[in-house]
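Heads up, the thing below is written out as structure tokens.
In this text the structure is predicted, and so the values were computed from the model without any measurement.
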Amino acid sequence: MVEEKRKGYKEARRFARVAFNGRMVYRYAADDEGAAHVSDVSRGGLRMYMGRYLRPGTRIMLEAEGVRENGQPLELKGQIVWCAPEKPGHRFAAGVRVIYDEPDAVAAVSALVNHALHASGILDRLRDRTVPA
């Protein structure tokens, strides 16, 4: 487990992050929702930027825009781990832990990470490398 101090929060990461430049809609409470930009994803969670503060511990539903699994919009359950104001502007960064309470959660996270890997071009660069014999 990797641990480091960043922006005053102790990070405990088990999975490698993959850069992701995407948008998600998040829902919490009864009818509250908003849009967020996601900068990276992993099997354990993601980092998103949004226009409001959400308290750590808040459970949210996420829907990735443009990412589909078996023809359906990709949805995940998550929990806010940390949330902090970003400079400049009125924007907040948040760490979201994926909640694995249903069997479909593993498939959904895997589909999101796979989408991020393909979009980043990492797989193409690895495929094009020549390995000396």
List the atom of [X], the atom of [Y], and the distance in Å for their closest heavy-atom pair.
{"X": "Ala94", "Y": "Met50", "answer": "CB-CE, 3.5 Å"}
{"X": "Ala93", "Y": "Tyr49", "answer": "CB-CE2, 3.5 Å"}
{"X": "Phe92", "Y": "Cys83", "answer": "CB-SG, 3.9 Å"}
{"X": "Tyr53", "Y": "Pro56", "answer": "OH-CD, 3.2 Å"}
{"X": "Ala116", "Y": "Val41", "answer": "CB-CG2, 3.7 Å"}
{"X": "Ala111", "Y": "Leu74", "answer": "CB-CD1, 3.6 Å"}

Find the distance between [atom1] ([X]) and [atom2] ([Y]) and round it off to the nearest 0.5 Å.
{"X": "Lys77", "Y": "Arg59", "atom1": "NZ", "atom2": "CZ", "result": "8.0 Å"}
{"X": "Leu76", "Y": "Arg97", "atom1": "CG", "atom2": "CZ", "result": "12.5 Å"}
{"X": "Leu117", "Y": "Leu112", "atom1": "CG", "atom2": "CG", "result": "10.0 Å"}
{"X": "Met61", "Y": "Tyr28", "atom1": "CE", "atom2": "OH", "result": "15.5 Å"}

Any side-chain heavy atom of [X] within less than 4.5 Å of one from [Y]?
{"X": "Ile60", "Y": "Met24", "value": "no"}
{"X": "Leu46", "Y": "Phe20", "value": "no"}
{"X": "Arg43", "Y": "Val98", "value": "no"}

Original post:
For the hydrophobic clusters of this structure (ILVMFWY residues joined by side-chain heavy atoms under 4.5 Å, transitively), does one cluster hold both Tyr100 and Ile80?
Top reply: yes
**OP:** Using the rule that two of Ile, Leu, Val, Met, Phe, Trp, Tyr join whenever any of their side-chain heavy atoms come within less than 4.5 Å, decide whether Val106 and Ile99 are in one cluster.
**Re:** no
Original post:
side-chain contact (heavy atoms from CB on, under 4.5 Å) between Tyr26 and Val96: does it pass, once the steps are laid out?
Top reply: CA-CA 11 Å; Tyr26 61 91; Val96 179; over 6 Å; no
**OP:** Please check if the side chain of Gln79 supplies one atom and the backbone of Gly57 the other of a donor-acceptor pair under 3.5 Å.
**Re:** yes
